Amino acid sequence: MLHLKSADLMKEKIESLVIPVCEDKNIHEDKTILSLIKSAKKVKAFKGDKDDEVILYNLSEVSAQIIIFLGLGKLEKVNMESLRTMAGMAVKGVIKKKHTAVLMAVPLAAKVNMDMQNILEAMMEGTFLGNHLFDRYKKEKKLQPLERIDFLVTSDEAKKYRRLPSRISAVCQGTILAREWVSMPPNDKRPELFAKSIARLARKENLKVTVLGEKELKQKKFGAMLAVAAGSRNKPRMVILEHTPVKAKKTIAFVGKGVTFDSGGINLKPSASLADMKMDMSGAAAVAATLITAARLKLRLKLVGIIPIVENMPSGAASRPGDIIKSYDGKTVEIGNTDAEGRLILIDAISYTIKKYKPQTLIDLATLTGACVVALGEKIAGTFSFDDKLAENIILSGYKTHERCWRMPMPEDYKELIKSDFADLNNVGSTRYGGAITAALFLSEFVKDTSWAHIDIAGPAYTKKESSYCGVGGTGFGVRLLFDLMERL
Ligand code: BES
Ligand code: MN
Ligand code: ZN
C-alpha cells in the first residue's frame, strides 16, 4: 500500500495530493508544488499554522482532483511526530472525501533539518496507522480505508529507500493487529479464543508455537497464575512464541500481561472502572504482534514471547483476599487484593521464562497499575529497570517512536511495603502511595540476575479519544517501541 514514487507532477493523473506547508519557511523544491502553495496562500485563512488545512479543487497546474494543504507550523517545530500527525490527518481527510488513493508531497530533508529516512518513516507511519478503521463490529461501514499511498521523492531517493515501505508497513500492520486485539470485546477474546487467534497468526509466520492449557499449567505448578484464573469458567492459557533464526547469539524475551477482562475479582472494581477492562491484555497483544511481525521481517535476533492469558472474575471458585498461594518460583504470596492480578500472572511467566530460556534481556509489558496513570498521565508509560543501559535505550526508543517512556525509581527500602505477615510477599503495598513502584518491586523479586525492564502501559495502551493517527480503542502501544529497541540491543 505504501510506495515511493518519483514522477513529474505536471504529467501525472492524481486522485488526491497532499502538500505539507510551514508557516514561516518554504520546505519544498518542486516548481509545481511551489506554485500550488502560492495559490493556497491566497486563501486568507490559510497560513500554514499547525493543523491549518485548506482544500483546493481542480487547479490548472496539475490534474489532481483535490489538493489538501496541511500546516506544520513553524519550521523549528517540525519533527518526526509533527510529520506523523500531519500524515495521519491527511489520510483521514482523503478518506472522508471518499477517495481511494493519495500522493503525499515530501518536504526536503535539508530544509527541515532532518534525515530523509526519518522524514519518510514518520510520514509512512502516520499515513499507514491513520488509514486503519476498526469497524468490524459495525453492520454499516461508513468509510473505506485508502488502497494506495504514494510518497513523492526523487528517483535517487526512491532507489535508496526502496526497502523502507515494506518494513514500515509490516511494523504498522503489527501495531494495527495489537490495536484490534485490544479493541475486540472481551466475549470474543476469552483466553482460549485469544490464544487460538495468536497461535493461528504465529504459525502462519513459521514461529514455534506452544500453548499450555489448564492441565499443563497445573502440572508445571503455575500457582500464581492459576490463582487468578480460578474465578472464571474460561480457562487460562500460556502462549509461547519462539523466533529462532540461524546464528543468533542473544535471546531476548518479551512477557506480556494478558488479562482478557479484569473485573477485579472478589475485590470487584467499581462500575466506572470496569467498562474498559477489556484492554487489560494490551501487553500480551503488543508482545504477540511483535513476535509475529519479527518473524515476518525475518529479524536476526532470537526472540521468545511469553504470554500468560487469564480472565479475572469473581465467583464461588475465585481466590479470596487472604489466600496464600505458591508461585512457580516457589515463593509464597498472600493475596492482599484480588485486583492486583497482573503481577501474579507475570511472576509465573517471568520465572518460567528465565528458567527455560535464560534470556540475555527480559522485558515485560503490562497494563499493571492505575497508579502509573496517576503519575504519568494517559500518554506516557512507566519504565522500571536496574539496568541503566537498557532503561536508557527504552527511553530513546520511546522518544524516537513517540511511544513515550519515563524512567521510574525502584528504591530498595520500598520493598518494606510488600512484606506479608504470613507469606514471603504480599501482592499489594501496605499503602496505596507509590503503587506503580511497589508493583514493579514485586516483579523484581522474581527476575534473579537477568537484565530486565518492566514497562507499565496502563495509560497509553488505550484511548477514548480519537487522535490524528489512532482511533478510539487500543493504540497498539509497544510494537513500534520494541521494534526500535531491538535495533539498539
Ligand atoms: N488492570 C489494572 C490496572 C489498570 C488501571 C489498567 C487502569 C488500566 C487502567 C490492574 O490489574 C489493577 O487493577 N491494579 C490495581 C492495583 C491495586 C489493587 C494495588 C490498581 O491500579 O488499582
Ligand atoms: Mn486488576
Ligand atoms: Zn489488571
Side-chain angles (χ1 to χ4, degrees), residues 182-183 186 189 191 194 224-225 227-232 236 255-286 307-314 318-323 333-349 364-382 384 408 414 417-420 425-443 454-465 473-475 477-478:
V182 174
S183 298
K189 59 179 177 195
F194 185 33
M225 182 175 169
V228 177
S232 174
V255 176
K257 172 178 172 182
V259 178
T260 61
F261 184 72
D262 180 12
S263 71
I266 297 297
N267 293 99
L268 192 64
K269 287 181 182 295
S271 299
S273 325
L274 276 170
D276 298 322
M277 277 304 143
K278 65 172 182 183
M279 58 74 91
D280 212 16
M281 36 58 75
S282 300
I307 306 166
I309 307 175
V310 298
E311 189 177 55
N312 186 23
M313 293 295 245
S319 294
R320 292 150 290 255
D323 280 0
V333 179
E334 178 181 357
I335 301 183
N337 190 317
T338 62
D339 197 10
E341 84 297 339
R343 62 199 79 181
L344 293 176
I345 71 170
L346 287 175
I347 57 171
D348 277 2
D364 76 77
L365 275 80
T367 47
L368 204 61
T369 65
C372 198
V373 192
V374 173
L376 298 174
E378 291 179 292
K379 294 187 178 181
I380 302 176
F384 300 82
M408 302 278 279
Y414 282 28
L417 302 171
I418 48 169
K419 282 192 172 153
S420 158
L425 290 165
N426 195 305
N427 79 328
V428 282
S430 50
T431 116
R432 68 189 178 89
Y433 298 119
I437 297 173
T438 45
L441 285 170
F442 182 86
L443 300 180
H454 157 60
I455 308 180
D456 192 332
I457 59 171
Y462 194 79
T463 178
K464 301 184 81 154
K465 219 179 124 224
T475 62
F477 188 102

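Note that the structure is predicted; figures quoted are calculated from it, not measured. Both ligands and their constituent atoms are indexed starting at 1 by order of listing.
Proximity to D280 (heavy-atom distance under 4.0 Å) selects the following atoms of ligand 1: 1 (N), 11 (O). Close contacts between ligand 1 and T367 involve ligand atoms 1 (N), 2 (C), 3 (C), 6 (C) [criterion: under 4.0 Å to a heavy atom]. For ligand 1 and E341, the ligand atoms under 4.0 Å from any heavy atom of the residue are 11 (O). Atoms of ligand 1 found under 4.0 Å from any heavy atom of M279 (numbered from 1 in listed order, with element): 8 (C).
When distances from the Zn ion (ligand 3) to the N, O or S atoms of D262 are compared, OD2 comes out shortest. Restricting E341 to its N, O or S atoms, the one at the least distance from the Zn ion (ligand 3) is OE2. D280 contributes OD2 as its N, O or S atom closest to the Zn ion (ligand 3). Looking only at its N/O/S atoms, D262 has OD2 as the one nearest to the Mn ion (ligand 2).
Remark: K379 NZ is loosely packed, at most 12 non-hydrogen atoms of other residues, nucleotides or ligands lying under 6.0 Å away.
Protein heavy atom closest to atom 10 (C) of ligand 1, with residue, atom name and distance, is L368 O, 3.3 Å. For atom 2 (C) of ligand 1, the closest non-hydrogen atom on the protein side is D262 OD2, 3.5 Å. For atom 22 (O) of ligand 1, the closest heavy atom belonging to the protein is G370 N, 4.5 Å. In this structure, the protein non-hydrogen atom closest to atom 19 (C) of ligand 1 is V428 CG1, 3.4 Å.
Using a 4.0 Å cut-off between heavy atoms, K257 contacts ligand 1 through its side chain alone, with no backbone atom that close. Proximity of M277 to ligand 1, defined as any heavy-atom pair under 4.0 Å, is confined to the side chain (atoms from C-beta onward). Using a 4.0 Å cut-off between heavy atoms, D339 contacts ligand 1 through both its backbone and its side chain.
The Zn ion (ligand 3) has an N, O or S atom of K257 closer than 2.8 Å.
Every N/O-N/O distance between N337 and ligand 1 stays at or above 3.5 Å. Inclusion of R343 in the set of residues having an N or O under 3.5 Å from an N or O of ligand 1 is not warranted. For T369, no nitrogen or oxygen atom sits less than 3.5 Å from a nitrogen or oxygen atom of ligand 1, counting backbone and side chain alike.
The pair E311-K189 does not meet the salt-bridge criterion, since no charged nitrogen lies less than 4.0 angstrom from a carboxylate oxygen. A salt bridge links D280 and K257; the closest N-O separation between the charged side-chain nitrogens and carboxylate oxygens is under 4.0 Å.
At the Mn ion (ligand 2), the vertex angle linking O of D339 with OE1 of E341 is 70° (nearest 10 degrees).
For the ligand labelled ligand 1, residue K269 lies inside the 4.0 Å heavy-atom shell.
The distance from atom CZ of F477 to atom OG1 of T367, rounded to the nearest 0.5 Å, is 12.5 Å.
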